[in-house]
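Okay, so here's the structure we're looking at.
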Amino acid sequence: LYAPTFGALSSIPHWAGSLSRLSREYNLVVKLHHGTLHRVEEADDLTLIKRHFKKCVTRHDLTLPLLACADYVLTDNSGFIFDAIHAGKRVILLDWAGMDDLLARDVTYSNPHSAEQKIRTLLPVAGDMIQLRQQLSADSDWASRETALADIRHHYCDAFRDGNAGQRAAA
């Protein structure tokens with residue numbers, strides 16, 4: 001599952017072409033951010049997605065079923081990182097040249113100190129297709145990350161993980 005964010009921190013312009021070639025080997029589904037779908041300034045990214053991918057989901061109510069089916073989640077700077085971790089998925093973060101500069105200049109909705117950036121020290125990050133293929137290989141050691149992922153689930157997702165988060169939020 002490829003779930004990019006929108007705006008300057010979107011991986012779409014940097015990764016769409018490469019990921020489309022990856023879809024020849026993997027069943028790759030794209031879950032688009034609503035910002036990519038509806039913001040005028042996102043038209044170029046939406047065009048790239050339509051050009052490179054056939055399997056594209058736009059409905060927000062399909063997020064959980066998509067996560068249930070996914071073996072891996074490829075994302076960038078999206079809050080979707082935490083949805084995927086909460087669902088117990090293997091998350092690979094996409095990187096590209098110049099991304100750190102965007103964060104340092106504070107021109108995005110994120111910054112180097114935000115949760116989705118700090119988590120890059122704990123999750124695998126791919127800056128090119130060679131690194132991405134290494135993370136997707138059977139040799140990648142996902143078991144060694146499980147303690148860190150459990151901590152993330154506890155801290156950012158649901159400390160109790162008992163299925164009653166909605167009830168607690170409503171109380």
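Remember, it's a predicted structure, so these values are computed and weren't measured experimentally.
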Once rounded to the nearest 0.5 Å, what's the spacing between atom OG of Ser10 and atom CG of Asn77? 8.5 Å

How close do Ala126 and Ile92 get, heavy atom to heavy atom, and via which atoms? CB-CG2, 4.2 Å

Is there a continuous path of hydrophobic side-chain contacts, each under 4.5 Å between heavy atoms, that joins Val91 to Trp142? no

For residues 78-88, dump all side-chain donor-acceptor pairs below 3.5 Å to protein atoms at least two apart in sequence or in another chain.
| residue | atom | partner | partner atom | Å |
| --- | --- | --- | --- | --- |
| Ser78 | OG | Phe80 | N | 2.9 |

Val125 pairs by side-chain contact (heavy atoms from CB on, under 4.5 Å) with which of Asp95, Ile119, Leu132? Asp95

Working to the nearest 0.5 Å, report the span between CG of Asp45 and CG of Leu37. 11.5 Å

Give the minimum heavy-atom separation between Lys31 and Leu1, together with the two atoms involved. CB-CD1, 3.8 Å

Taking atom types as modelled and ignoring hydrogens, do the side chains of Ser23 and Tyr2 form a donor-acceptor contact shorter than 3.5 angstrom? no

Looking only at atom types and distance, does a side-chain atom of Thr36 sit under 3.5 Å from a main-chain N or O of Glu42, one as donor and one as acceptor? no

Check whether Leu66 and Val73 end up in the same hydrophobic cluster, where Ile, Leu, Val, Met, Phe, Trp and Tyr are linked by side-chain heavy atoms less than 4.5 Å apart. yes

Leu149 and Leu122: same hydrophobic cluster, using ILVMFWY side-chain contacts below 4.5 Å? yes

Cluster check Leu28, Met129: I/L/V/M/F/W/Y, side chain < 4.5 angstrom: yes

When you compare the side chain of Val30 with that of Val57, does any pair of heavy atoms fall below 4.5 Å? no

Applying salt bridge (charged side-chain N to carboxylate O under 4.0 Å, His left out), name anything that partners Asp141, two or more places apart in sequence or on another chain. none

Can Leu9 be reached from Leu74 by stepping across I, L, V, M, F, W or Y side chains whose heavy atoms are under 4.5 Å apart? yes

Counting only heavy atoms not in Gln167, do more than 12 fall under 6.0 Å of its CD? no

Arg153 meets the salt bridge (charged side-chain N to carboxylate O under 4.0 Å, His left out) criterion, sequence neighbours left out, with Glu146

Rounded to the nearest 0.5 Å, what separates atom CG in Asp151 from atom CZ in Arg145? 14.5 Å

Side chain to side chain donor-acceptor pair (under 3.5 Å) contacts touching residues 121-131 (sequence neighbours left out): none

Any side-chain heavy atom of Lys55 within less than 4.5 Å of one from Asn27? yes

Answer yes or no: is there a side-chain heavy-atom contact under 4.5 Å between Leu32 and Cys56? yes

Minimum side-chain heavy-atom gap Asp162-Arg168 below 4.5 Å: yes

Taking ring-ring contact (aromatic ring centres under 6.0 Å, His included) as the cut-off, I'd like each qualifying pair that reaches into residues 13-34, sequence neighbours left out, listed once. Phe6-His33, His14-Trp96

Side-chain donor/acceptor pairs under 3.5 Å, residues 46-53, sequence neighbours excluded:
| residue | atom | partner | partner atom | Å |
| --- | --- | --- | --- | --- |
| Thr47 | OG1 | Ala43 | O | 2.9 |
| His52 | ND1 | Ser20 | OG | 3.4 |

Taking Lys89 for the side chain and Leu67 for the main chain, is one N or O donor matched with an acceptor at less than 3.5 Å? yes

I'd like to know if the side chain of Asp76 and the backbone of Leu94 have a donor-acceptor N/O pair within less than 3.5 Å. no

